[in-house]
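Note sheet for the following structure.
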Number of protein chains: 2
Amino acid sequence: MKISEAAAASGCHLETIRYYERIGLLSKAARRDNGYRDYTHAEVERLRFITRGRDLGFSLEEIQSLLALAEQTDMSCADVDRLAREHLADIQGRIQALQRMAQELARTIEGCAGGARARCAILSDLQAPADRAAPNATPAPKGGRRPAVHRPGIDA
Amino acid sequence: MKISEAAAASGCHLETIRYYERIGLLSKAARRDNGYRDYTHAEVERLRFITRGRDLGFSLEEIQSLLALAEQTDMSCADVDRLAREHLADIQGRIQALQRMAQELARTIEGCAGGARARCAILSDLQAPADRAAPNATPAPKGGRRPAVHRPGIDA
DNA sequence: CCTAAAGTCCGTAGTGGCTCCGGAGTCAAG
DNA sequence: CTTGACTCCGGAGCCACTACGGACTTTAGG
């Protein structure tokens with residue numbers, strides 16, 4: 001099948017397929033006489049695996065590991081399990097970080113509830129966060145600033 | 001104060017400060033005779049504002065809006081409030097997306113609980129997700145594939 | 001058979017928010 | 001005077017794509 005068909009069958013964007021090939025996540029596709037890529041059912045399966053992994057939030061690197069583990073049929077389950085559990089823990093950590101963020105932001109917004117007052121509570125909170133329930137008033141954050149999680153376009 | 005001092009005072013990485021200047025989030029700093037940047041207290045305040053906004057998950061673009069709003073002292077509170085609420089909704093959406101992910105992943109891991117069996121449940125689930133409680137079996141995802149949230153290094 | 005539209009090829013650049021690098025200049029302490 | 005710490009600057013790298021442009025091929029309609 002042609003690339004657009006493989007894209008439709010796998011739910012993976014056409015250009016993304018080429019990207020995966022470029023970075024070596026997919027091996028180079030066979031070519032027809034005209035130079036067009038030609039995909040087999042097995043390759044579409046692999047693509048599905050990848051997109052599914054992405055949907056579960058695995059990085060491409062993790063997916064590559066999973067694919068490698070999937071290919072050795074013997075005794076790989078424990079490794080897969082470990083990887084999945086680590087990844088789950090990572091996701092849960094991110095959820096907690098976002099929840100803290102949301103809580104703090106909600107508190108800040110609440111302070112502003114009145115509306116048009118002289119000094120905006122949100123802005124002054126951004127300038128100097130009020131210390132209501134502030135357990136982490138660390139003056140020197142030893143881990144350095146965190147990446148501060150912002151995804152450009154998660155439609156979710 | 002010099003850039004390293006401004007960095008320490010604001011909790012913002014030194015190179016990040018230069019980066020913010022480069023992209024115009026900070027105006028160009030004054031220079032000493034030797035060419036070193038020289039920061040005032042007000043600029044450190046602005047930096048704090050930015051880092052605080054990042055901690056709350058605002059994008060740099062949003063922060064720029066907030067800063068602009070903060071500078072017009074009159075009647076800006078409603079806009080700020082709206083921005084903050086939109087951002088909160090966005091964060092909550094991301095939390096939900098991650099929670100769905102975590103749930104599905106947890107289910108998948110559970111299926112593997114036994115350990116070393118012939119076919120790994122996690123891997124087969126990645127290949128063809130079991131349809132236990134699958135409300136979104138859309139064959140044609142109209143929104144295109146979603147970005148599949150993965151932050152490289154959120155230490156959380 | 002001819003034309004126009006759609007599909008495919010390729011390499012490159014752009015996204016966000018930094019972070020790190022190398023080479024050069026500056027400054028303070030010993 | 002040397003050593004080390006600090007600062008300067010521009011550019012590259014990170015992740016996972018997405019978009020673009022120009023050349024080519026295929027397909028459908030007339």
Side-chain angles (χ1 to χ4, degrees), chain A residues 1-8 10-26 28-39 47 50-64 87 90 94 143-155, chain B residues 1-8 10-26 28-39 47 50-65 87 90 94 141 143-155:
Chain A
M1 47 174 43
K2 287 192 284 187
I3 193 168
S4 63
E5 294 162 338
S10 67
C12 186
H13 195 282
L14 183 151
E15 305 229 46
T16 306
I17 298 178
R18 284 205 281 254
Y19 169 70
Y20 288 162
E21 180 179 320
R22 202 157 63 234
I23 64 170
L25 188 55
L26 291 174
K28 291 189 179 178
R31 298 302 182 112
R32 298 184 182 178
D33 290 346
N34 56 13
Y36 287 14
R37 287 175 182 78
D38 202 3
Y39 291 94
L47 263 174
I50 295 170
T51 56
R52 171 92 180 130
R54 291 292 295 140
D55 283 343
L56 290 177
F58 286 96
S59 70
L60 293 183
E61 202 181 344
E62 285 169 326
I63 290 170
Q64 195 136 36
H87 179 58
D90 180 60
R94 274 184 280 154
R145 294 207 60 266
R146 82 198 57 161
V149 183
H150 190 268
R151 296 304 293 177
I154 178 98
D155 38 89
Chain B
M1 48 176 40
K2 286 191 285 186
I3 193 168
S4 63
E5 293 161 338
S10 67
C12 185
H13 195 283
L14 183 151
E15 305 234 41
T16 306
I17 298 178
R18 284 205 281 254
Y19 169 68
Y20 287 161
E21 180 179 318
R22 202 158 61 234
I23 64 170
L25 188 55
L26 291 174
K28 293 189 178 177
R31 299 301 182 113
R32 298 183 181 178
D33 289 346
N34 56 12
Y36 287 15
R37 288 175 182 79
D38 202 3
Y39 292 94
L47 264 174
I50 296 170
T51 57
R52 172 90 181 132
R54 291 292 296 139
D55 283 344
L56 290 176
F58 286 96
S59 69
L60 293 184
E61 202 180 345
E62 286 169 325
I63 290 170
Q64 194 136 35
S65 303
H87 180 57
D90 180 60
R94 275 184 279 153
R145 294 205 61 267
R146 84 199 54 162
V149 185
H150 190 269
R151 298 301 293 176
I154 178 95
D155 39 271

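Note that the coordinates shown come from a computational prediction; the quantities given were computed from them, not determined experimentally. Residue numbers start from 1 in every chain, and the chains themselves are labelled A, B, ... in the order their sequence lines are given, proteins ahead of strands.
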Using atom CD of A:Glu5 as one end and atom P of D:dT27 as the other, report the distance to the nearest whole Å.
-> 10 Å

Output yes when at least one side-chain N/O atom of B:Thr16 is less than 4.0 Å from OP1 or OP2 of C:dG17, else no.
-> no

May I ask you to verify if any side-chain N or O of A:Ser4 is less than 4.0 angstrom from the OP1 or OP2 atom of C:dT8?
-> yes

Taking C-beta and beyond as the side chain, do B:Glu21 and B:Ile17 meet within less than 4.5 Å on heavy atoms?
-> no

Can you find a side chain N or O atom of B:Arg18 that sits less than 4.0 Å from OP1 or OP2 on D:dC8?
-> yes

Check the distance between D:dC8's P and B:Glu21's CD and give it to me in whole angstrom.
-> 9 Å

For B:Leu56, does its backbone N or O pair with a side-chain atom of B:His87 as donor and acceptor, under 3.5 Å?
-> yes

Could B:Arg18 and B:Glu15 be called an ion pair, given the rule that one side-chain N must be under 4.0 Å from one carboxylate O?
-> yes

Candidates C:dG17, D:dC8, C:dT8 - which lies nearest the side chain of B:Tyr36 | D:dC8

Rounded to whole Å, the NZ-C1' distance (B:Lys2 to D:dA5) equals 9 Å

Figure out the CG/P separation between B:Leu25 and C:dG17, and round it to whole Å.
-> 10 Å

Check if the side chain of B:Tyr20 and the base of C:dG17 share a donor-acceptor pair of N or O atoms closer than 3.5 Å.
-> no

For C:dC10, take OP1 and OP2 only and decide whether either is under 4.0 Å from a side-chain N or O of A:Arg31.
-> yes

Whole angstrom value for the distance that separates P of D:dA16 from CD of A:Glu61 = 8 Å

Counting just side-chain N and O atoms, does B:Arg54 come under 4.0 Å of either OP1 or OP2 of C:dC18?
-> yes

Touch class at under 4.0 angstrom, heavy-atom based, for A:Ile23 against every strand present = nothing

In whole angstrom, give the distance that lies between atom CD1 of A:Ile3 and atom C1' of D:dC24.
-> 16 Å

Taking the side chain of B:Ser59 as its heavy atoms from C-beta onward, which of C:dG17, D:dT7, C:dT8 lies nearest to it?
-> C:dG17

Do any side-chain nitrogens or oxygens of A:Asn34 fall under 4.0 Å of OP1 or OP2 in D:dT26?
-> yes

If only side-chain N and O atoms of A:Arg37 are considered, is one of them under 4.0 Å from the OP1 or OP2 phosphate oxygen of C:dT8?
-> no

Along DNA chain C (nearest heavy atom to each residue), the more 5'-positioned of B:Glu15 and B:Asp33 = B:Glu15

Calculate the interatomic distance between A:Arg32 atom CZ and D:dT26 atom P; express it in whole Å.
-> 10 Å

Any side-chain heavy atom of B:Tyr20 sitting closer than 4.5 Å to one from B:Cys12?
-> yes

Can you tell me the distance, in whole Å, between the CG atom of A:Leu26 and the P atom of D:dC17?
-> 12 Å

Taking A:Asp38 for the side chain and A:Met1 for the main chain, is one N or O donor matched with an acceptor at less than 3.5 Å?
-> yes

